[in-house]
Colleague: 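Sharing a structure with you now.
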Amino acid sequence: MTAPFLTIAQDVTHEIIIKKSRFICSLFRVESEEQAQAAITQINKLHRKATHNCFAYLIGEHDQIQRESDNGEPSGTAGVPMLEALKANQLHNVLAVVTRYFGGIKLGAGGLIRAYSNSVSQAIEQAGLVERVEQAVLKVNVSYSQHDSLLYFLKQNNLEIAAEDYGTSVIVSIYVDEDQLSERLKQLTDRFNNQLTIEKGPTRIHEIPYSKA
């Protein structure tokens, strides 16, 4: 089974304080490296007096683009832990920027790793997750005599209706997950004894709330 495509439900900013240092995590949904770099530039301007603005991002269905930066923190104590926090949550197309205002107390390498990782993890929890699902539109041509039966079938199978067009018959457009297409077509064909005319239309990306079991 293909792993779900997960991303954050919304952009958020979340702050934690550790030994007087402020760690402000800004999470963004991004679709390209250009968007990610623009958001990083935005945070650098907003927090130009900060001690550090570290970042990490994953872009692409298979995380083809991965970048991270310690921005002056000891090597491996900020960017990498942030990137690993994104990966641990199986996220895609997400940028995390953690701004640090130094509070005067050194945390050590282990403390920094935990601080940056926890900052991102807590922000992700606050943002919430969604699963992106590719859906096709199926245009189902049904007679008026079978229209109610089709609506009942759709309701029983939790299939969303996109539109209904009435003419000599009814064309009911429904959304079906791409990975369920063959199964749904067979169910419709069997249930209505091959009396439906079904045509595949365009696709869309649909987002549904996701919670880890």
Colleague: Provide the closest heavy-atom pair for Ala136 versus Leu181 in the form atom of the first, atom of the second, distance.
Modeller: CB-CD1, 4.2 Å
Colleague: Can you tell me how far CG of Asn157 sits from CZ of Arg184, rounded to the nearest 0.5 angstrom?
Modeller: 4.5 Å
Colleague: Mind listing the closest non-hydrogen atom pair of Ser26 and Thr13 along with its distance?
Modeller: OG-OG1, 3.8 Å
Colleague: Does any pair with a residue in residues 114-144 pass ring pair (Phe, Tyr, Trp, His ring centres under 6.0 Å), and if so which ones, sequence neighbours excluded?
Modeller: Phe23-Tyr116
Colleague: Do the non-hydrogen side-chain atoms of Gln10 and Val12 ever get within less than 4.5 Å of each other?
Modeller: yes
Colleague: Determine yes or no for a side-chain-to-main-chain donor-acceptor pair under 3.5 angstrom, with Thr41 supplying the side chain and Gln37 the backbone.
Modeller: yes
Colleague: Might you work through the side chain to side chain contact (heavy atoms under 4.5 Å, CB included) test for Glu15 and Arg22, ending with a clear yes or no?
Modeller: CA-CA 7 Å; Glu15 179 175 340; Arg22 295 171 62 202; 2.8 Å; yes
Colleague: Give, for atom CZ of Arg191 and atom CD of Gln146, the distance between the pair rounded to the nearest 0.5 Å.
Modeller: 8.0 Å
Colleague: Run the side chain to side chain contact (heavy atoms under 4.5 Å, CB included) check on Glu131 and Leu129 step by step: do they pass?
Modeller: CA-CA 7 Å; Glu131 179 180 355; Leu129 303 182; over 6 Å; no
Colleague: So how far is it from Asp70 CG to His52 NE2, rounded to the nearest 0.5 Å?
Modeller: 9.5 Å
Colleague: Is there a side chain to side chain contact (heavy atoms under 4.5 Å, CB included) between Leu58 and His92? Walk through the geometry before answering.
Modeller: CA-CA 6 Å; Leu58 298 165; His92 307 280; 5.8 Å; no
Colleague: Would you say that Asn71 contacts Phe55 through its side chain, given a criterion of any heavy-atom pair below 4.5 Å between the two side chains?
Modeller: no
Colleague: Hey, could you give me the CZ/CG distance between Phe153 and Leu188, rounded to the nearest 0.5 Å?
Modeller: 4.5 Å
Colleague: Does a salt bridge link Arg29 with Glu207, judged by any charged N lying under 4.0 Å from a carboxylate O?
Modeller: yes
Colleague: Which heavy atom in His47 sits nearest to a heavy atom in Asn53, and how many Å separate them?
Modeller: O-ND2, 3.3 Å
Colleague: Assess the side chains of Asn194 and Thr189: does a donor N or O sit below 3.5 Å from an acceptor N or O?
Modeller: no
Colleague: What about Leu86 and Ile113, same hydrophobic cluster or not, with Ile/Leu/Val/Met/Phe/Trp/Tyr joined at side-chain heavy-atom distances under 4.5 Å?
Modeller: no
Colleague: Within a reach of under 6.0 Å around CD of Glu61, are more than 12 heavy atoms found that belong to other residues, nucleotides or ligands?
Modeller: no
Colleague: I'd like to know whether CD of Gln195 has more than 12 heavy-atom contacts from other residues, nucleotides or ligands below 6.0 angstrom.
Modeller: yes
Colleague: Below 3.5 Å, can you tabulate the donor-acceptor pairs from side chains in residues 164-172 to any protein atom, sequence neighbours excluded?
Modeller:
residue: Glu164; atom: OE1; partner: Tyr166; partner atom: OH; Å: 3.4
residue: Glu164; atom: OE2; partner: His147; partner atom: NE2; Å: 2.6
residue: Ser169; atom: OG; partner: Asn141; partner atom: OD1; Å: 2.6

Colleague: Decide whether Leu154 and Val137 are clustered together by the hydrophobic rule: side chain heavy atoms of Ile, Leu, Val, Met, Phe, Trp, Tyr closer than 4.5 Å, transitively.
Modeller: no
Colleague: Looking only at heavy atoms, which two atoms of Ala85 and Ile124 are closest? And how far apart?
Modeller: O-CD1, 4.0 Å
Colleague: Which pair of heavy atoms, one from Pro81 and one from Ala78, lies closest together, and at what distance?
Modeller: CD-O, 3.1 Å
Colleague: Any side-chain heavy atom of Leu185 sitting closer than 4.5 Å to one from Leu138?
Modeller: yes
Colleague: To the nearest 0.5 Å, how far apart are OG in Ser117 and CG in Leu112?
Modeller: 12.0 Å
Colleague: In this structure, would Ile40 and Val30 fall into the same cluster of hydrophobic residues linked by side-chain contacts under 4.5 Å?
Modeller: yes
Colleague: Hydrophobic cluster membership, with links at side-chain heavy-atom distances under 4.5 Å among I/L/V/M/F/W/Y: are Phe28 and Leu6 in one?
Modeller: no
Colleague: Quick one: CD on Gln135 to OG1 on Thr203, what's the gap to the nearest 0.5 Å?
Modeller: 10.0 Å
Colleague: Cluster question for you: counting only ILVMFWY and a side-chain heavy-atom cut-off of under 4.5 Å, with indirect links fine, are Ile8 and Ile16 together?
Modeller: yes
Colleague: Provide the closest heavy-atom pair for Gly60 versus Asn93 in the form atom of the first, atom of the second, distance.
Modeller: N-OD1, 2.8 Å
